[in-house]
Amino acid sequence: MPGQDSTGVDYTTARPSNRDGLVDVSLDEAHSPDKVLAHDDLLRKFVNGEKFRPIHMRIGIMGACNMRCNFCNFHSPNEEQFYDLFSFKDALSTDKSVALMEEFAESGGRAVTFCGSGECTIHPGYTQIAYAAHAAGLRIGLITNGSRLRREALAECVARTHTWVRMGLNAGTAETFEDITRDREHTFASFMDSVGQLRAAAVDPEFRIGFNYVITQQNFREIREAARVARDSGAHYIRFEPEFYSAMGHETIENEMAEISAALDEVAQLGTEEFEVSVPKLDRGPMDQVTSVEGDFDHCHYSRFVTAVGADGNLYPCPQVHLNSRYRIGNVVEDGYLNVLESGPRDEWENSNPLRTDLCKSCFYRPQNELLEWLKNGRVKLDQALNDYRLEIPKTLHADFI
């Protein structure tokens, strides 16, 4: 069977799944956790213990945001201890951001995603940084609240340089959207025009624009409306996910799981070749202050392929743990990207920390890490997994955004 190697081990079991009684997980093509299998060269080096550099950087260039979403983990008193390095005042200068983009590209980087704790598009140098990253050969992704995409200069920059854009929808009506986000710019209404315009103007033939919807106690009854809004706007997809970490306390939607599951099952039927509906793993628990260990892997391998930079200039293993002092590796803005990555700080950090089962008990990138560990220890055979993946996915969408 596809995905099952000669030893009988099925690597697809690493994919996210919901418990019995809940809707089946169905991820859109752009967010497949198997995309690492599109990189045989890197995987062979990984399995053989050879060194290689990350090809995808996720970066937050500022801590400030022009919205105050009530589920945001960076604004939650439940996360103050975890995100102990977070500051609204942090921002990387335009010049230093451009220099970092160029150094990352020169060191083998292929893609950059602008995301982070704040809203990157309100950075006064965002377009300059994006044009420089594109000129250096990097493909660009953007996670944004969407409020600035109506502005002509930014819209033109995105259309010319970006490979994908993902916006926060988080409601099915303008009233709920404004209540959740404290938005004052009528962003919800703008989605019906800005999405289609960007899709039509985009230069990259693989350009995708879509929505993310964080399911909370306040908005779970608007899942159906949101899916229709996303479809009618001209978006390529809508991606649902449960409350992030423990910002509001993940258990707040636990009693509504049956109703949420039914709504997701219904909106999944809206999916077509032109519009994808991404159904998530719903029972994702909090990352911190938890005793149980999730996932069949001991080490974080994913951070070898993807790295993260916070608005404080520091390198972190991944965006899930950035701005936490336990995970801080070194300042790439002040000391240089390669100096931090290869001249000691990263090795020192990894050697000083225990197994991820002691440090990072749950993991948003569990599917990637399980697959990588199984490949590393031979439980899944690399050549068989690569061959099966090629048969299943002849061409990987946005392959460099692992």
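- A salt bridge is absent between Glu50 and Arg44; no separation between the charged side-chain nitrogens and carboxylate oxygens falls under 4.0 Å.
- Remark: Lys96 does not engage Asp335 in a salt bridge, criterion side-chain N to carboxylate O under 4.0 Å.
- Annotation: the span from Thr176 atom OG1 to Glu225 atom CD amounts to 8.5 Å, rounded to 0.5 Å.
- A perpendicular orientation is assigned to the rings of Phe46 and His301, their planes being inclined by more than 60° (bins at 30° and 60°).
- Of the residues Leu315, Ile329, Asn331, the one that meets the side chain to side chain contact (heavy atoms under 4.5 Å, CB included) test with Val309 is Leu315.
- For the ring pair (Phe, Tyr, Trp, His ring centres under 6.0 Å) with His322, the qualifying choice from Phe86, Phe364, Phe74, Tyr327 is Phe74, the only one to do so.
- Residues Asp40 and Arg390 are paired through a salt bridge, judged by an N-O separation under 4.0 Å between the basic side chain and the carboxylate.
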Give the C-alpha distance, both sets of side-chain angles, the deciding distance and a yes or no for ring pair (Phe, Tyr, Trp, His ring centres under 6.0 Å) between Phe207 and Trp164.
CA-CA 5 Å; Phe207 182 79; Trp164 59 266; 9.6 Å; no
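- Side-chain atoms of Asp84 come within 3.5 Å of backbone atoms of Ser325 as a donor-acceptor pair (strictly under, hydrogens ignored).
- You'll find the ring centres of His56 and Phe305 outside the 6.0 Å limit.
- Under a 4.0 Å N-O distance rule, the pair Glu241/Lys281 does not qualify as a salt bridge.
- Between Glu178 and Arg184 no salt bridge is recorded (no basic side-chain N to carboxylate O distance below 4.0 Å).
- Taking a cutoff of 4.0 Å between a charged side-chain nitrogen and a carboxylate oxygen, Arg53 and Glu342 qualify as a salt bridge.
- Between Glu373 and Arg304 there is no salt bridge, since none of the side-chain N atoms of the basic residue sits less than 4.0 Å from a carboxylate O of the acidic one.
- Taking 4.0 Å as the cut-off between side-chain N and carboxylate O, Arg379 and Asp296 count as a salt-bridged pair.
- A salt bridge does not link Arg208 to Asp28: none of the charged side-chain nitrogens sits closer than 4.0 Å to a carboxylate oxygen.
- Salt bridge status for Lys395 with Glu206: present, with a side-chain N to carboxylate O gap under 4.0 Å.
- The aromatic rings of Phe191 and Phe177 stand perpendicular to each other, their planes meeting at an angle above 60°, with 30° marking the opposite boundary.
- The aromatic ring centres of Phe114 and His123 sit 6.0 Å or more apart.
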Verdict with supporting geometry, Lys35 and Asp400, salt bridge (charged side-chain N to carboxylate O under 4.0 Å, His left out):
CA-CA 8 Å; Lys35 284 201 286 186; Asp400 291 334; over 6 Å; no
